[in-house]
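The shown structure was predicted, so the numbers you read here are calculated from the model rather than taken from an experiment. Values reported hereafter were calculated over all heavy atoms of this structure, with side chains retained and with hydrogens, waters and symmetry mates removed. FYI, the numbering just counts along the sequence from 1.
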Amino acid sequence: PNPEKQPEVNMTRLTTQRAEALLADAEQRNPGPWVGHSRHVALAARILAGVHPKLDPEKVHFFGLLHDIGRREGPTGMRHVYDGYQFLMSEGLPEAARICLTHSFPIPHTQAGSSEWDCSPEEIAEVQAFLDAHPYDDTDRLLQLCDSIALPDGFCLLETRWVDVLMRYQNYNQYTVPKWQAIDAIKRKFDKMAGQSIYRLLPGLAERVLG
């Protein structure tokens, strides 16, 4: 990734139809539960953008649909963030490409990801350079939050998602708890803006938790 400032996004290109077409093509290349997860991340982002004074629900919905698009290249670990960035940059979508990188790192360090790296040292260094050069904004933070409350079949509590990811990848390190704390802080920020727990805004979550 090039740490230089990217050109401003053209909002006419950020349509749900375009994102769904890219996601459908990716699903054909590599079917899996990541597609359902992506759709729930997108829906959560659209809903929660509604309580924020500046975020655009359609824009963040687009980003949510494509945040894991790097998985189009097949089953990988952290490589999916790098592949997603490269693919969306080639599609002329720099802001969506940015989310491919930032959504996985609530702590802006490459060792704070959820799974093992399967990139070259040079590629990992490129990702770190990008994170160093791009301080997070509320769009980045919202997608980090939504990535942590979405399963393939619906919404969940933060703790449920954390346990799910930890059990699948077993990648616990010194960044794990600070990463969880960072996500919890984002949730509390959006709780405050919503005037209630964001969990109350997510359809089906109460039924999942309470049975």
Side-chain angles (χ1 to χ4, degrees), residues 1-46 49 55-106 108-144 146-147 150 152:
N2 186 346
E4 296 299 320
K5 183 179 180 181
Q6 303 297 339
E8 292 298 319
V9 69
N10 181 348
M11 282 301 297
T12 64
R13 306 179 73 181
L14 301 187
T15 64
T16 296
Q17 291 81 1
R18 184 178 186 194
E20 286 285 4
L22 292 172
L23 189 60
D25 177 68
E27 184 176 21
Q28 285 191 330
R29 295 166 59 101
N30 179 33
W34 71 272
V35 179
H37 163 72
S38 296
R39 290 202 169 97
H40 283 97
V41 169
L43 178 56
R46 178 182 285 276
L55 294 181
D56 182 326
E58 183 174 358
K59 182 177 178 181
V60 297
H61 184 261
F62 184 96
F63 295 161
L65 286 172
L66 299 182
H67 78 284
D68 271 348
I69 197 68
R71 297 199 182 279
R72 69 193 298 277
E73 302 300 335
T76 57
M78 290 308 298
R79 180 167 195 91
H80 79 280
V81 306
Y82 185 85
D83 287 342
Y85 179 90
Q86 297 292 347
F87 173 68
L88 291 182
M89 287 299 291
S90 74
E91 291 287 317
L93 297 167
E95 284 200 273
R98 169 187 174 125
I99 298 301
C100 286
L101 295 184
T102 63
H103 83 271
S104 283
F105 305 105
H109 194 288
T110 53
Q111 295 309 306
S114 297
S115 59
E116 295 293 331
W117 275 101
D118 41 0
C119 287
S120 70
E122 293 77 15
E123 290 166 337
I124 297 171
E126 288 180 49
V127 174
Q128 187 62 61
F130 184 96
L131 297 177
D132 291 342
H134 294 81
Y136 294 157
D137 59 21
D138 281 355
T139 299
D140 298 304
R141 291 300 192 188
L142 174 61
L143 271 297
Q144 292 165 358
C146 293
D147 188 48

### Partners passing side-chain hydrogen bond (donor to acceptor under 3.5 Å, both in side chains) against D118 (at least two apart in sequence or in another chain)
none
### Query
With a 4.0 Å cut-off, would you call R79 and E73 a salt bridge?
no
## Note on the structure
d(T16 OG1, L23 CG) to nearest 0.5 Å is 11.5 Å
### Message
For D138 versus L55, what's the shortest heavy-atom pair and its separation?
### Response
O-CD1, 4.1 Å
### Message
Please find the pair of heavy atoms, one from N30 and one from W34, that lie closest to each other, and give the distance.
### Response
O-NE1, 2.8 Å
#### Entry: Distance (rounded to the nearest 0.5 Å) between Q17 CD and L22 CG
12.0 Å
### Query
About how many Å separate CZ of R29 and CZ of R71, when rounded to the nearest 0.5 Å?
14.5 Å
### Summary
All heavy atoms of D132 vs all of P108, minimum pair found to be OD1-O, 4.5 Å
### Query
Are any of the side-chain heavy atoms of L65 and R39 separated by less than 4.5 Å?
yes
### Task
Would you check if the side chain of H40 reaches a backbone N or O of G36 as a donor-acceptor pair within less than 3.5 Å?
yes
### Message
Q144 vs R141, test: side-chain contact (heavy atoms from CB on, under 4.5 Å). Steps then yes/no.
### Response
CA-CA 5 Å; Q144 292 165 358; R141 291 300 192 188; 2.9 Å; yes
#### Entry: Flag, side chain of E91 to backbone of A97, donor-acceptor distance under 3.5 Å
no
### Task
Verify side-chain hydrogen bond (donor to acceptor under 3.5 Å, both in side chains) between E126 and Y85, making sure each step is shown before the conclusion.
CA-CA 11 Å; E126 288 180 49; Y85 179 90; over 6 Å; no
#### Entry: Derivation of the side-chain hydrogen bond (donor to acceptor under 3.5 Å, both in side chains) call for D56 and H61
CA-CA 9 Å; D56 182 326; H61 184 261; over 6 Å; no
### Worked check of side-chain contact (heavy atoms from CB on, under 4.5 Å) between L88 and I99
CA-CA 10 Å; L88 291 182; I99 298 301; over 6 Å; no
### Task
For the pair H67 (side chain) and G64 (backbone), establish whether a donor and an acceptor sit closer than 3.5 Å, ignoring hydrogens and angles.
yes
### Task
Would you please test L66 and C100 for side-chain contact (heavy atoms from CB on, under 4.5 Å) and show each step?
CA-CA 8 Å; L66 299 182; C100 286; 5.7 Å; no
### Query
Excluding sequence neighbours, so at least two apart, what forms side-chain contact (heavy atoms from CB on, under 4.5 Å) with I124?
T110, W117, C119
### Message
Within this structure, what is the CG-CZ distance for the pair L93 and R18, rounded to the nearest 0.5 Å?
### Response
4.0 Å
### Query
Is D25 paired with R72 through a side-chain N to carboxylate O contact shorter than 4.0 Å?
yes
### Between H109 and F105, ring centroids under 6.0 Å
no
### Query
D68 and H80: side-chain contact (heavy atoms from CB on, under 4.5 Å), yes or no, with the steps?
CA-CA 7 Å; D68 271 348; H80 79 280; 3.1 Å; yes
### Task
Quick one: pull up CD1 in I69 and CZ in F63 and give me the separation to the nearest 0.5 Å.
14.0 Å
### Message
Under the rule for side-chain hydrogen bond (donor to acceptor under 3.5 Å, both in side chains), what residues qualify as partners of S104, not counting sequence neighbours?
### Response
none
### Query
Does the side chain of R46 come within less than 4.5 Å of E58's, by heavy atoms?
yes
### Message
Using modelled atom types and a 3.5 Å cut-off, is there a donor and acceptor pairing between side-chain atoms of H103 and backbone atoms of D147?
### Response
no
### OG1-OH distance between T76 and Y82, expressed to the nearest 0.5 angstrom
13.0 Å
